[in-house]
Amino acid sequence: GMSQRIASMYAGDSRIKVLTNEQLVETSYNHDKKWDVLIIDEAQDLQMGPLFFAYDNLLRGGISSGTWRMFLDPFQSVLYEGESLESQFLISGNPFQLELMDNVRTTTGIAAAASALGHVNRMDGGINGPEVFLRYCKKNEISVSVRERIELLVSLGLKRSEILLLSLNSQD
């Protein structure tokens, strides 16, 4: 799965250890070494469950007194519904929270389109943004279709460096 792909990226580096959530939970019960700092990115995709207790066990001082940072976008929580890891950290850690006012990736249009396509269950989103363009085509036509759309945007005055393409499909 995903952990194997990530692990293969760091195969030659003995300083980096890649674990699945299950392996992390198992390791936390019999691991004497404590982490100095815990940084969690994309935390919206982590469900509460036993992960909180694993992090609490592994972090020096635990969640309540340890040093940790968590980054997340609640509008991108698409993997599950239910209690999030974030909620237990907020209760136990009493952290300072900083909320970014502008989210350039999740506009209201993107959230509505993702909801309509069945990727998320809610239609609320961040800031207002440009209209979302949906186009359906055969898989072997995707590259040509995307290239045509980019050329159209460039001809309308958008710089290529201002275009961000996010895709669930990997194309050569």
Side-chain angles (χ1 to χ4, degrees), residues 1-129 132 161-170:
M2 172 101 48
S3 64
Q4 291 171 329
R5 280 187 300 207
I6 295 171
S8 69
M9 293 167 47
Y10 299 103
D13 194 333
S14 61
R15 300 169 301 160
I16 298 174
K17 188 171 187 178
V18 178
L19 302 172
T20 64
N21 287 341
E22 292 79 15
Q23 291 169 329
L24 179 66
V25 169
E26 187 178 312
T27 299
S28 71
Y29 292 117
N30 52 20
H31 198 273
D32 294 336
K33 259 185 154 178
K34 297 287 185 180
W35 298 341
D36 294 324
V37 177
L38 171 63
I39 300 172
I40 302 174
D41 194 15
E42 302 292 350
Q44 75 274 0
D45 295 333
L46 297 173
Q47 195 166 9
M48 168 47 190
L51 265 184
F52 172 79
F53 302 105
Y55 290 139
D56 195 37
N57 285 338
L58 289 168
L59 182 62
R60 186 183 323 279
I63 301 305
S64 62
S65 301
T67 301
W68 56 270
R69 300 291 180 269
M70 179 180 286
F71 303 92
L72 65 122
D73 181 353
F75 294 117
Q76 291 187 13
S77 182
V78 297
L79 296 184
Y80 74 95
E81 290 186 31
E83 187 181 11
S84 68
L85 184 69
E86 171 204 11
S87 61
Q88 195 62 41
F89 269 72
L90 294 178
I91 293 166
S92 302
N94 192 27
F96 172 79
Q97 291 179 273
L98 176 64
E99 188 173 324
L100 300 178
M101 301 316 287
D102 288 344
N103 181 340
V104 297
R105 291 190 307 167
T106 308
T107 64
T108 304
I110 290 172
S115 178
L117 293 170
H119 293 300
V120 294
N121 295 323
R122 56 180 152 196
M123 285 188 58
D124 52 348
I127 61 172
N128 289 326
V132 173
S161 61
E162 296 173 324
I163 299 173
L164 174 63
L165 176 63
L166 302 175
S167 174
L168 297 174
N169 297 310
S170 58

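All residue numbers refer to positions in the sequence shown, counting from 1.
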Report the residues that fulfil side chain to side chain contact (heavy atoms under 4.5 Å, CB included) with Ile39, sequence neighbours left out, ordered by chain and then residue number.
-> Val37, Phe71
Residues which pass side chain to side chain contact (heavy atoms under 4.5 Å, CB included) with Thr20, listed by chain and number, not counting sequence neighbours = Ser3, Glu22, Gln23
Which of parallel (below 30°), tilted (30 to 60°) and perpendicular (above 60°) describes Phe52 and Phe89?
-> perpendicular
In Å and rounded to the nearest 0.5 Å, what is the [atom1] to [atom2] distance from [X] to [Y]?
X	Y	atom1	atom2	result
Leu51	Ser28	CG	OG	9.0 Å
Leu59	Lys34	CG	NZ	8.5 Å
Ile6	Leu19	CD1	CG	11.0 Å
His31	Asn57	NE2	CG	11.5 Å

Who pairs with [X] by side chain to side chain donor-acceptor pair (under 3.5 Å), at least two apart in sequence or on another chain?
X	result
Arg60	Asp36
Glu26	none
Thr67	none
Asp13	Arg15

So with a 6.0 Å cut-off around NZ of Lys17, is the heavy-atom count from everything else above 12?
-> no
How far apart are the C-alpha atoms of Ile40 and Trp68, what are their side-chain angles, what is the distance that settles it, and do they pass the side-chain contact (heavy atoms from CB on, under 4.5 Å) test?
-> CA-CA 8 Å; Ile40 302 174; Trp68 56 270; over 6 Å; no
How close do Ser92 and Ile63 get, heavy atom to heavy atom, and via which atoms?
-> CB-CG2, 4.2 Å
Would you list the pairs meeting salt bridge (Lys or Arg N to Asp or Glu O under 4.0 Å) in which at least one residue belongs to residues 107-116, sequence neighbours left out?
-> none
